[in-house]
Amino acid sequence: MCDRGDRNLAEPGREAMRARFAPSPTGYLHVGGARTALYNYLAVHSAGGEFILRSDDTDTERSSDEFQRDILDGMAWLGLDWDEGIERGGPHAPYQQSERLPRYQAVAESLLAQGKAYLCFATAEELDEMRRVAQSEGRPPGYDGRYRDFDPDEAQSRRAAGDHAVIRLKVPRPGETVFADLVRGEVRFDHEHVEDFVILRSNGTPTYHLASSVDDIDFEITHVIRGEDLLSSTPKHILIGEALGAAPIKYAHLSLLMGPDGKKLSKRHGDTSLRAYRDAGYLAEAMVNYLALLGWSYGEDSDIFTLEEAVGRFSLEDVQPNAAIFDNDKLEWMNGTYIRAMSDEAFADHVGPMLASAFGDLTDLQHNRLAAILPHVKERTKLLTEVPGQVRFLMSEDVEYDQGSWEKVMKAPEARAAIEDARHRLSALESWDAATIEESLRAMLDQLQLNGRKGLQPIRVAISGSSVSPPLFESMEVLGKTATLARIDISLELLTAA
RNA sequence: GGCCCCGUCGUCUAGCGGCCCAGGACGCUGCCCUCUCAAGGCAGUAACGCCGGUUCAAAUCCGGUCGGGGCUACCA
């Protein structure tokens with residue numbers, strides 16, 4: 001790929017990369033934002049440099065502390081720590097745009113004074129009319145520049161007199177903005193399609209374009225890595241930078257994440273907040289791993305890797321420009337892979353909170369049973385949230401028989417005989433461990449000429465309440481002899497009653 | 001409508017003019033293993049959107065076309 005811009009990111013003598021993730025706290029951190037943050041992190045760490053976290057909260061109406069908290073928590077959960085920024089400070093503090101308003105105003109006024117921007121008094125009605133007419137005439141829509149050549153002194157006095165005015169950037173015309181996107185190659189925009197856009201609102205607050213561009217310059221950002229939805233706005237940002245005489249910034253626009261239907265991932269595809277995945281029982285490591293694969297490939301040797309390993313191979317130029325569909329099946333498979341790779345202790349730690357919320361404070365008995373069964377449950381878990389259901393039969397002295405399982409298994413002709421025979425043998429057992437239990441039940445199968453499926457499933461349902469459970473012999477061992485026999489008796493009574 | 005981006009199996013991707021009648025992973029199907037469910041093993045299914053051009057040779061380069069997506073605010 002020779003047309004994808006400058007790839008000498010780590011060239012000696014070049015300054016270190018400085019990239020930023022600048023979410024606006026107007027919503028929970030969603031998986032798409034998390035991926036953008038991840039790619040910024042990977043790019044910075046693979047090239048050497050600083051990762052900055054900034055809050056683009058100029059929209060005071062929609063921004064909230066709760067959302068900002070959620071974003072920070074999400075970043076921490078994923079392990080994407082930043083070198084400078086919110087809650088961390090740094091040489092360019094504050095990193096919160098709402099605290100930098102005077103700076104943006106000063107920049108806008110200075111651009112105005114230099115004649116690189118101008119005051120515009122057009123009303124909302126005028127603007128609507130402009131768009132309408134332009135549309136109908138098939139011309140590029142947008143502001144027509146009617147105040148561009150208005151006399152500056154007259155404009156100033158008009159504003160001083162109390163007329164509401166916005167400040168618009170004087171986009172060079174004719175003109176064209178061309179830049180080498182790091183993942184897409186050369187992109188060009190004729191200024192015919194870039195209107196003289198607003199940089200400062202009539203209420204004195206900056207627009208996103210101004211605030212973001214000024215911060216990127218002030219914070220000495222070298223690489224802007226963001227979603228493709230901002231690709232069309234890039235000429236505006238470059239133009240602001242040029243008007244300010246700033247060093248050019250490199251851009252990398254990541255494709256957007258799509259839902260299973262091929263449409264942009266959004267609430268219509270369910271809860272796409274990172275928090276929702278965390279709550280659903282996904283591991284941060286699996287999430288990071290999966291997200292990294294959406295638009296990038298680790299190599300043909302493996303799909304499973306750590307954040308650190310990804311850093312070792314990542315390069316922006318290898319990022320795919322095409323959109324990726326978020327595939328829950330693969331994420332789930334990956335999560336299961338990570339869970340199985342965990343130590344038993346780590347697994348117990350991870351499911352601790354959800355077991356506590358499902359069963360309350362644990363008794364010693366419950367605790368011991370969990371410690372014994374969890375390693376077996378771990379092997380068959382894809383989502384941490386499945387665990388309480390898997391161990392429920394060991395957490396209470398009462399069994400709940402699953403209707404479907406009962407119908408399917410206990411109605412079989414050999415069920416009763418198997419359970420009765422098993423009861424005799426088990427009650428005679430002197431030691432109670434999985435191996436002994438298995439030996440005893442195998443003898444039962446032998447005796448009754450039954451295969452494992454037919455002869456053991458009834459026992460499973462009898463003691464766990466379901467046709468699906470952790471391994472039978474181990475489950476029985478953990479349950480204990482007394483409780484096991486009690487459950488067998490209950491199932492026998494139910495069989496008789498029916 | 002205008003502008004911009006994108007287009008390899010169902011999905012994520014490898015592929016940078018011959019190594020490709022296209023490789024890996026998830027999914028799916030079948031078989032094996034098996035006390036259920038998982039896991040594991042083996043086998044299989046399945047793609048270069050289309051049309052032209054350049055070239056001895058194209059998934060790879062160019063053009064067009066079709067399809068998808070984004071933007072088009074005094075939101076970000």
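Heavy-atom basis, side chains included; hydrogens, waters and symmetry copies ignored. Just so we're on the same page: letters track the sequence lines, and every chain starts at 1.
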Engineer: Using purine N1 to pyrimidine N3 plus N6-O4 or O6-N4 for Watson-Crick, or N1-O2 and O6-N3 for G-U wobble, each under 3.5 Å, what pairs with rG67(B)?
Structural biologist: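 Result: rC6(B).
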Engineer: For V214(A), is there any backbone N or O sitting under 3.5 Å from a side-chain donor or acceptor partner on R103(A)?
Structural biologist: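 Pair absent, no side-chain N/O of R103(A) close to backbone of V214(A).
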Engineer: Should we count CD of E439(A) as having more than 12 external heavy atoms under 6.0 Å?
Structural biologist: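 Atom CD in E439(A) is not crowded, with 12 or fewer foreign heavy atoms closer than 6.0 Å.
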Engineer: Can you see if the side chain of N322(A) gets near the phosphate of rU8(B) - specifically, an N or O under 4.0 Å from OP1 or OP2?
Structural biologist: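 Yes, such a contact exists.
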Engineer: Can you find a side-chain donor-acceptor pair between T436(A) and D433(A) that sits under 3.5 Å?
Structural biologist: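 D433(A) and T436(A) do have a side-chain donor-acceptor pair below 3.5 Å.
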Engineer: Would you kindly compare L472(A) and H209(A) by the position of their nearest RNA chain B nucleotide and give the one closer to the 5′ end?
Structural biologist: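 With L472(A) and H209(A) compared, the 5'-side residue is L472(A).
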Engineer: What integer number of Å spans the C1' atoms of rG53(B) and rA14(B)?
Structural biologist: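 Straight-line distance between the two C1' atoms is 27 Å.
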Engineer: For rG30(B), which nucleotide is its Watson-Crick or G-U wobble mate, given both distances must be under 3.5 Å?
Structural biologist: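 Here rG30(B) is engaged in a pair, and the nucleotide opposite it is rC42(B).
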Engineer: Let's see if you can work this out: which of rA14(B), rC3(B), rC6(B) has an atom nearest to the side-chain heavy atoms of P321(A)?
Structural biologist: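 For P321(A), the side-chain atoms sit closest to rC6(B).
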Engineer: Taking the minimum atom-to-atom distance to the side chain of V187(A), which one of rC4(B), rC26(B), rC35(B) wins?
Structural biologist: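 Of the options given, the side chain of V187(A) lies nearest rC4(B).
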Engineer: Just say parallel, tilted or perpendicular for the rings of F150(A) and Y147(A), cut-offs at 30° and 60°.
Structural biologist: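 Plane angle over 60°, so perpendicular.
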Engineer: Answer yes or no: does a side-chain N or O of Q320(A) lie under 4.0 Å from OP1 or OP2 of rA14(B)?
Structural biologist: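 Result: yes.
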Engineer: Select one nucleotide: of rC3(B), rC37(B), rC74(B), the one nearest the side-chain heavy atoms of S202(A).
Structural biologist: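 Nearest to the side chain of S202(A) among the choices is rC74(B).
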Engineer: Looking only at the side chain of K330(A) (C-beta and beyond, no hydrogens), which of the listed nucleotides rC74(B), rG70(B), rC26(B) gets closest?
Structural biologist: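 From the listed options, rC26(B) comes nearest.
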Engineer: Taking the side chain of S233(A) as its heavy atoms from C-beta onward, which of rG40(B), rA76(B), rG10(B) lies nearest to it?
Structural biologist: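 Looking only at side-chain atoms, S233(A) lies closest to rA76(B).
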Engineer: Within the structure shown, what part of the strands sits under 4.0 Å from R132(A) by heavy-atom distance: base, sugar-phosphate, or nothing?
Structural biologist: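 Counting heavy atoms under 4.0 Å across all strands, no contact is made by R132(A).
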Engineer: Nearest heavy atom decides the nucleotide; on that basis, is P206(A) or G142(A) closer to the 5' end of RNA chain B?
Structural biologist: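 That would be G142(A).
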Engineer: Closest to the P141(A) side chain: rG69(B), rG1(B), rC12(B)?
Structural biologist: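 Of the candidates, rG1(B) comes closest.
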Engineer: Which nucleotide, rC71(B), rC5(B), rU36(B), lies nearest any side-chain atom of K264(A)?
Structural biologist: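 Out of rC71(B), rC5(B), rU36(B), the nucleotide with an atom closest to K264(A)'s side chain is rC71(B).
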Engineer: By nearest atom, which of the nucleotides rC37(B), rA76(B), rA14(B) is closest to the S24(A) side chain?
Structural biologist: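 Side chain of S24(A) sits closest to rA76(B).
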Engineer: If I take atom CD in residue E228(A) and atom P in nucleotide rG68(B), what distance separates them, rounded to the nearest angstrom?
Structural biologist: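 My rounded result for the distance is 16 Å.
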Engineer: What's the gap between rC66(B) and rG23(B) when it is taken at their C1' atoms, as a whole Å value?
Structural biologist: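 One C1' to the other, the span is 29 Å.
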Engineer: With respect to the side chain of S232(A), which nucleotide from rG70(B), rC4(B), rC12(B) is positioned closest?
Structural biologist: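 Out of rG70(B), rC4(B), rC12(B), the nucleotide with an atom closest to S232(A)'s side chain is rG70(B).
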Engineer: Could you label the plane-to-plane angle of the Y208(A) and H237(A) rings as parallel, tilted or perpendicular, counting under 30° as parallel and over 60° as perpendicular?
Structural biologist: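 Rings of Y208(A) and H237(A): perpendicular, as their planes differ by over 60°.
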Engineer: Identify the nucleotide, in any strand shown, that forms a Watson-Crick or G-U wobble pair with rU36(B), with both distances under 3.5 Å; if there is none, say none.
Structural biologist: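 Across any shown strand, rU36(B) pairs with none.
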Engineer: Strictly below 4.0 Å: does R442(A) bring a side-chain N or O up to OP1 or OP2 of rC35(B)?
Structural biologist: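 Answer yes for this pair, as a side-chain N or O of R442(A) is under 4.0 Å from OP1 or OP2.
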Engineer: What does rG18(B) pair with, Watson-Crick or G-U, if both distances are under 3.5 Å?
Structural biologist: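 Base partner found: rC56(B).
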Engineer: Output yes when at least one side-chain N/O atom of S297(A) is less than 4.0 Å from OP1 or OP2 of rC12(B), else no.
Structural biologist: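 False: S297(A) side-chain N/O out of range (4.0 Å or more) of rC12(B) OP1/OP2.
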Engineer: Taking atom P in both rG7(B) and rC48(B), what distance in whole Å separates the two?
Structural biologist: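 My reading of the P atoms in rG7(B) and rC48(B) gives 16 Å.
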Engineer: Rounded off to whole Å, could you give me the NE2-to-P distance for the H193(A) and rG1(B) pair?
Structural biologist: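 Taking atom P of rG1(B) as the reference, NE2 of H193(A) is at 15 Å.
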Engineer: Rounded to whole angstrom, note down the P distance from rU55(B) over to rG49(B).
Structural biologist: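 The answer is 23 Å between these two P atoms.
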Engineer: Donor-acceptor pair under 3.5 Å: do we get one between R380(A)'s side chain and the base of rC37(B)?
Structural biologist: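 A donor-acceptor contact between them is present.
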Engineer: Is any side-chain N or O of R131(A) closer than 4.0 Å to OP1 or OP2 of rG2(B)?
Structural biologist: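 False: R131(A) side-chain N/O out of range (4.0 Å or more) of rG2(B) OP1/OP2.
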Engineer: Have a look at G455(A) and say if it touches a base, only the backbone sugar-phosphate, or nothing, with a 4.0 Å heavy-atom cut-off.
Structural biologist: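 It contacts nothing in the nucleic acid.
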Engineer: Please name the pair of heavy atoms, one in S467(A) and one in K408(A), separated by the smallest distance, quoted to 0.1 Å.
Structural biologist: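 Reported closest heavy-atom pair: OG-NZ, 3.5 Å.
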